[in-house]
Colleague: 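Take a look at this one; I'll ask things after.
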Amino acid sequence: MGNEKAGKKMGQKEKEGEADITFYHSDLVEVPTDGSPPFLKGYRCKSCGQLDFPKLSICPGCWGAEFEMVPLSRKGTLYAFAEVFLGQPGMTYPMTIGYVDLPENIRIFAQIEGKAEQFNCNDAVELTIGTIRTNRDGLPITSYKFKKAES
Amino acid sequence: MKLDRDVYIAGVGETRFGKHTSDFDVLGRQAALQAMRDAHIEKPGIVQTAYVGNVQNGIVTGQMVFKDLGMCGDLAIINVESACSAGGMAVYCAVKDVATGTADISIAVGTENHSLTRQAGTAFAGATGDIETMQGLVFTGKYAMRANRYMFETGATPEDLAMVTVKNRRQATHNPHAWFKGNISIEEVLASRMVASPLTLQQCCGISDGAGAVVVCSREMTKNLGIQKPVKVSGAVVFSGPYHNRPRDLTGDDITEMAARRLYEESGIGPEDVNIIELHDAFTIAEILYYECLGLCRKGEGIKFLRDGESTYGGKCVVSPRGGMLSYGHPVGASGAAQIASCVKQLRGECAGYQVEPVPAVAMTHVTGGGMSGTEHAACTMHMLTKAWQA
């Protein structure tokens with residue numbers, strides 16, 4: 001995973017023989033190459049100031065079309081979660097999923113690393129990066145996830 | 001919607017629900033024929049417009065349903081899709097045609113062969129290509145999160161949730177259209193395999209096939225057709241899911257609350273006056289949340305409402321008298337129309353073996369549809385139906 005892979009969309013293949021680690025979308029998450037921790041990318045509307053994730057094509061508040069990228073907090077609160085035993089093709093089950101509320105008043109849906117039994121509603125969680133699913137060619141897709149926050 | 005003139009339901013039809021080897025068009029035709037015969041229509045050329053709700057069976061589904069009935073030609077057939085709300089929305093469109101005078105008589109069909117089109121071992125996601133779908137969300141998971149949060153906030157238990165399946169299956173016992181029915185214990189519900197914790201298999205609607213159909217018309221047309229027991233459409237609303245990616249209360253449902261408020265205003269009928277409801281009980285937790293969202297009880301008191309028997313025979317409001325989606329299964333595009341068909345039969349007193357007594361005078365239907373990131377559901381369709389004849 002890394003920045004050089006960012007910008008590729010699901011389904012795009014590397015050249016033959018090259019390891020493929022496909023990133024879901026570069027507008028969503030930044031994995032700095034200097035080793036500093038990854039962060040989700042929020043977008044603040046330059047005309048009305050509304051902050052959104054994910055990036056929208058136009059601001060739903062004022063229809064402004066210019067945004068500035070704002071790194072979102074890496075830690076949040078697990079509002080709700082569940083362990084899912086059956087789901088979409090290309091994913092591994094059982095899987096823990098959850099809604100994470102960030103201090104910026106934004107809610108993120110994501111996969112949660114770890115068994116569901118170790119979580120409670122309102123637990124502190126933090127951002128991590130990992131494989132979320134495979135694409136139609138069976139190749140892994142890398143994106144954001146959350147895990148129990150290190151205290 | 002504002003109803004510029006009165007709209008009545010003249011006829012309804014529904015197939016048996018369950019796994020069918022017949023495709024959606026056959027099922028849709030069965031329900032449509034039943035509904036038209038029920039409305040004393042015995043030949044093509046009477047119905048003026050048609051709306052067909054379907055989700056997964058491809059393109060030109062409505063024309064596929066009506067071509068063998070000799071109805072294609074000057075019949076304007078419009079195909080309607082909004083995931084689980086499609087069938088309800090088709091009825092809404094037919095009602096609108098009659099209310100505005102675009103047509104004097106219109107038919108709505110909801111039909112789906114779900115089992116022939118789903119890959120075994122996969123679950124249904126709320127929207128194609130949506131970010132939450134990409135990250136792994138399926139409906140079972142979303143409702144499981146709602147359930148966990150509801151239990152966290154209210155202290156409700158898995159046993160409490162399981163009671164919804166027990167109630168709805170019991171209510172469906174003698175309903176020939178229902179699939180899963182009869183006695184099942186709380187223990188059996190909880191012992192079935194886990195689908196998305198805390199929801200076990202018996203707390204999730206089955207992947208089933210079926211169809212429902214509804215003929216709506218003007219007052220004059222009910223007279224021309226000789227309809228003895230016309231049911232009045234006292235309100236019809238469609239809402240789209242308000243979008244925002246801020247935290248929201250998953251133990252509520254913004255779109256259902258908005259739609260219900262509007263329906264109560266427009267019909268002049270409040271929750272205390274509604275005798276029966278078919279709602280979107282795709283999962284046990286959903287029925288409990290909707291007791292609260294629809295105003296049948298106060299917020300946080302859904303379990304008490306259920307435990308006190310207020311949502312079954314003899315209670316304040318019989319919820320899912322046909323057995324709901326937990327008994328019929330949920331062929332997504334069909335359910336909304338089938339709910340209305342079943343409610344009409346209840347109002348007419350035609351549900352031998354599962355008839356609500358005293359025969360209800362007011363019925364309400366509620367069906368949500370899909371779900372994108374930043375919404376609870378993509379759509380919500382509700383109808384208020386009232387008895388429009390003197391006994």
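Lettering of chains follows the sequences in order, A, B, ..., and the numbering in each one begins at 1.
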Colleague: Go through the atoms of A/Leu56 and report whether side chain, backbone, both or neither lie under 4.5 Å from a heavy atom of chain B.
Modeller: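 For A/Leu56, the contact with chain B is made by the side chain alone.
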Colleague: Check whether any side-chain heavy atom of B/Lys142 sits under 4.5 Å from a side-chain heavy atom of A/Phe109, and report yes or no.
Modeller: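 When only atoms from C-beta onward are counted, A/Phe109 and B/Lys142 do not touch, as no gap falls below 4.5 Å.
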Colleague: Under a 4.5 Å heavy-atom cutoff, which of B/Gly374, B/Ala144, B/Pro198, B/Ser197 has the most pairs with chain A?
Modeller: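 Top option by heavy-atom pairs under 4.5 Å: B/Ser197.
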Colleague: In terms of heavy-atom pairs under 4.5 Å with chain B, which of A/Leu51, A/Leu102, A/Asn105, A/Ile97 leads?
Modeller: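 Ranked by contacts with chain B, first place is A/Asn105.
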Colleague: Salt-bridged, B/Arg248 to A/Asp101, with N to O below 4.0 Å?
Modeller: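 Salt bridge flag = no for A/Asp101 with B/Arg248.
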Colleague: When only heavy atoms count and the cut-off is under 4.5 Å, which of residues 74-87 of chain A reach chain B?
Modeller: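 Result: A/Tyr79, A/Ala80, A/Phe81, A/Ala82, A/Glu83, A/Val84, A/Phe85, A/Leu86, A/Gly87.
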Colleague: With rounding to the nearest 0.5 angstrom, report the CD to CE distance, A/Gln88 to B/Met134.
Modeller: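 Reported to 0.5 Å precision, the distance equals 8.0 Å.
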Colleague: With rounding to the nearest 0.5 Å, note down the distance linking CD1 in B/Ile131 to CD1 in A/Ile108.
Modeller: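 Nearest 0.5 Å value for the CD1-CD1 distance: 7.5 Å.
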Colleague: How would you list all residue pairs meeting salt bridge (Lys or Arg N to Asp or Glu O under 4.0 Å) that involve residues 185-203 of chain B, not counting sequence neighbours?
Modeller: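 Output for this query is empty, none listed.
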Colleague: Looking only at heavy atoms, which of residues 110-127 of chain A get nearer than 4.5 Å to chain B?
Modeller: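 Listed by number, the contacting residues are A/Gln111, A/Cys121, A/Asn122.
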Colleague: Can you list everything that forms a salt bridge (charged side-chain N to carboxylate O under 4.0 Å, His left out) with A/Lys55? Sequence neighbours excluded, please.
Modeller: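 With sequence neighbours excluded, A/Lys55 shows a salt bridge (charged side-chain N to carboxylate O under 4.0 Å, His left out) to no residue whatsoever.
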Colleague: Considering only heavy atoms, which portion of B/Phe139 lies under 4.5 Å from any heavy atom of chain A: side chain, backbone, both, or neither?
Modeller: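 For B/Phe139, there is no contact with chain A at all, as no heavy atom is under 4.5 Å.
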Colleague: Tell me the closest heavy-atom pair linking A/Ser143 and B/Gln135, and the distance in Å.
Modeller: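 Between these two residues, the closest heavy atoms are OG-NE2, 3.1 Å.
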Colleague: What do the steps show when you test A/Asp52 against B/Arg246 for side chain to side chain contact (heavy atoms under 4.5 Å, CB included), and what is the final call?
Modeller: CA-CA 9 Å; A/Asp52 273 302; B/Arg246 319 284 151 219; 3.2 Å; yes
Colleague: Please check if atom CD in A/Glu68 has more than 12 non-hydrogen atoms from other residues, nucleotides or ligands closer than 6.0 Å.
Modeller: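 It does: A/Glu68 CD has more than 12 such atoms within range.
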Colleague: So for B/Ser373, is it side chain, backbone, both, or neither that comes closer than 4.5 Å to the heavy atoms of chain A?
Modeller: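 For B/Ser373, neither part sits under 4.5 Å from chain A.
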Colleague: Less than 4.5 Å apart, any side-chain heavy atom of B/Asn245 and any of A/Arg107?
Modeller: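 Side chain of B/Asn245 against side chain of A/Arg107, heavy atoms only: no contact under 4.5 Å found.
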